Participant: 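I have a structure here, written as structure tokens, and I will follow up with some questions on it.
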Amino acid sequence: MKQSIVHIALVVNDYDEAIDFYTKRLHFTLLEDTYQEEQDKRWVVVAPPGSNGTAILLAKASKEHQTDFIGNQAGGRVFLFLATDHFDRDYHNMVANHIEFIRPPKRADYGTVAVFKDLYGNLWDLIEFTEGHPMSARLKKDTD
């Protein structure tokens, strides 16, 4: 049996501002932006460049109680993890694109990591796993 998680829904305030942030500041690829007439909403999917893994569904809050979770989908914990094959390159590129890092780069046994905020305040790890770490091998497999 083979299964995979294909999308993670990220509740956003506005489709276009979220697309702008993810594609222009994080350099993600816009995979799909389709209007769903029956639900009067859009199906918007973005993914990191070169990724063959899980993509993010940008889901606009459609009910009042959903807006409470914009920017706080994980209760203040790191919510998403962006793995990279070159930490310094991506970190400096993100700083140049005015991405706010709330924890500076740190080296640990598992790799190099720093915590940043997305446009709504959700926390992300930017991480480069050390050679030999199980996730390092997985990232390499996804980019081959």
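Along the sequence shown, residues are numbered consecutively beginning with 1. This structure is a prediction, so every number in the text was calculated from the model and none was measured.
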Participant: With sequence neighbours left out, which residue pairs that include part of residues 55-69 fulfil the side chain to side chain donor-acceptor pair (under 3.5 Å) condition?
Facilitator: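 Pairs touching residues 55-69 that pass the test: S62-Q66.
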
Participant: Quick one: does S4's side chain have a donor or acceptor within less than 3.5 Å of a partner on V6's backbone?
Facilitator: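 Absent.
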
Participant: Where is the tightest heavy-atom contact between W124 and F81, given as atom of each residue plus distance?
Facilitator: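 Looking at all heavy atoms of both residues, the shortest contact is CE3-N, 4.5 Å.
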
Participant: May I ask whether V12 and V45 are part of the same hydrophobic cluster, defined by side-chain heavy atoms of I, L, V, M, F, W, Y residues being less than 4.5 angstrom apart, directly or through others?
Facilitator: no

Participant: Can you tell me how far apart CD1 (I127) and NE2 (H133) are? Round to the nearest 0.5 Å.
Facilitator: 7.0 Å

Participant: Could you walk me through whether F79 and D118 satisfy the side-chain contact (heavy atoms from CB on, under 4.5 Å) test, starting with their C-alpha distance in whole Å, then the side-chain angles of each, then the deciding distance to 0.1 Å, before giving a yes or no?
Facilitator: CA-CA 10 Å; F79 175 53; D118 69 13; over 6 Å; no

Participant: Could you tell me the separation between the CG atom of L80 and the CG atom of L126, rounded to the nearest 0.5 Å?
Facilitator: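 Spacing of CG (L80) from CG (L126) equals 12.5 Å.
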
Participant: Check whether any side-chain heavy atom of L119 sits under 4.5 Å from a side-chain heavy atom of Y22, and report yes or no.
Facilitator: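 The answer is yes; the side chains approach within 4.5 Å.
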
Participant: Applying the 4.5 Å side-chain criterion to the ILVMFWY set and letting contacts propagate, would F21 and L123 be lumped into a single cluster?
Facilitator: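 No; L123 is not reachable from F21 via cluster members.
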
Participant: Is the side chain of E32 donor-acceptor paired with the backbone N or O of W43 at a distance under 3.5 Å, no angle test?
Facilitator: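 Absent.
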
Participant: If every non-hydrogen atom of Q73 is compared with every non-hydrogen atom of N122, which pair is closest and at what distance?
Facilitator: N-OD1, 3.4 Å

Participant: Taking only residues two or more places apart in sequence or in another chain, which ones pass salt bridge (Lys or Arg N to Asp or Glu O under 4.0 Å) with R25?
Facilitator: none

Participant: With heavy-atom distances below 4.5 Å as the criterion, would you say the side chains of N93 and H86 are in contact?
Facilitator: no

Participant: Any chance you could measure F129, atom CZ, to T84, atom OG1, to the nearest 0.5 Å?
Facilitator: 11.0 Å

Participant: Return the set of residues passing ring-ring contact (aromatic ring centres under 6.0 Å, His included) with Y91 (not counting sequence neighbours), or none when no residue passes.
Facilitator: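 Only F87, F101 meet the ring-ring contact (aromatic ring centres under 6.0 Å, His included) criterion with Y91.
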
Participant: Between atom CD1 of I8 and atom CG of L58, what is the distance when rounded to the nearest 0.5 Å?
Facilitator: 12.5 Å

Participant: To the nearest 0.5 angstrom, please state how far the CG atom of N13 sits from the CD1 atom of I70.
Facilitator: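 One gets 4.5 Å once the value is rounded to the nearest 0.5 Å.
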
Participant: How long is the gap from CD on E128 to OG1 on T130, to the nearest 0.5 Å?
Facilitator: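 Reported value, rounded in 0.5 Å steps: 9.0 Å.
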
Participant: Could you check whether atom OH of Y120 has more than 12 heavy atoms from other residues, nucleotides or ligands sitting under 6.0 Å from it?
Facilitator: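 Above 12, so yes.
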
Participant: Please list, chain by chain and in numerical order, all residues satisfying salt bridge (Lys or Arg N to Asp or Glu O under 4.0 Å) with D88, sequence neighbours excluded.
Facilitator: none

Participant: Do I99 and L82 share a hydrophobic cluster, counting only Ile, Leu, Val, Met, Phe, Trp and Tyr and linking them when any side-chain heavy atoms are less than 4.5 Å apart?
Facilitator: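 In one cluster: yes.
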
Participant: More than 12 foreign heavy atoms under 6.0 Å from CD of E37: is that the case here?
Facilitator: no

Participant: Are I19 and I56 linked, directly or through intermediate hydrophobic residues, by side-chain heavy-atom contacts shorter than 4.5 Å (ILVMFWY only)?
Facilitator: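 Per the 4.5 Å side-chain linkage, I56 and I19 are co-clustered.
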
Participant: Under the salt bridge (Lys or Arg N to Asp or Glu O under 4.0 Å) test, which residues partner D14, sequence neighbours left out?
Facilitator: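 Applying salt bridge (Lys or Arg N to Asp or Glu O under 4.0 Å) to D14 gives none.
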
Participant: Is there a side-chain contact between L31 and H7, using heavy atoms and a 4.5 Å cut-off?
Facilitator: no

Participant: Please examine the side chains of H27 and N97, heavy atoms only from C-beta on, and report whether any two atoms are closer than 4.5 Å.
Facilitator: yes

Participant: Identify all side-chain donor-acceptor contacts of residues 104-117 below 3.5 Å with residues at least two apart in sequence or on another chain.
Facilitator:
from	atom 1	to	atom 2	distance (Å)
R107	NH1	T112	OG1	2.6

Participant: Taking T54 for the side chain and I5 for the main chain, is one N or O donor matched with an acceptor at less than 3.5 Å?
Facilitator: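 Yes, because the side chain of T54 sits within donor-acceptor range (under 3.5 Å) of the backbone of I5.
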
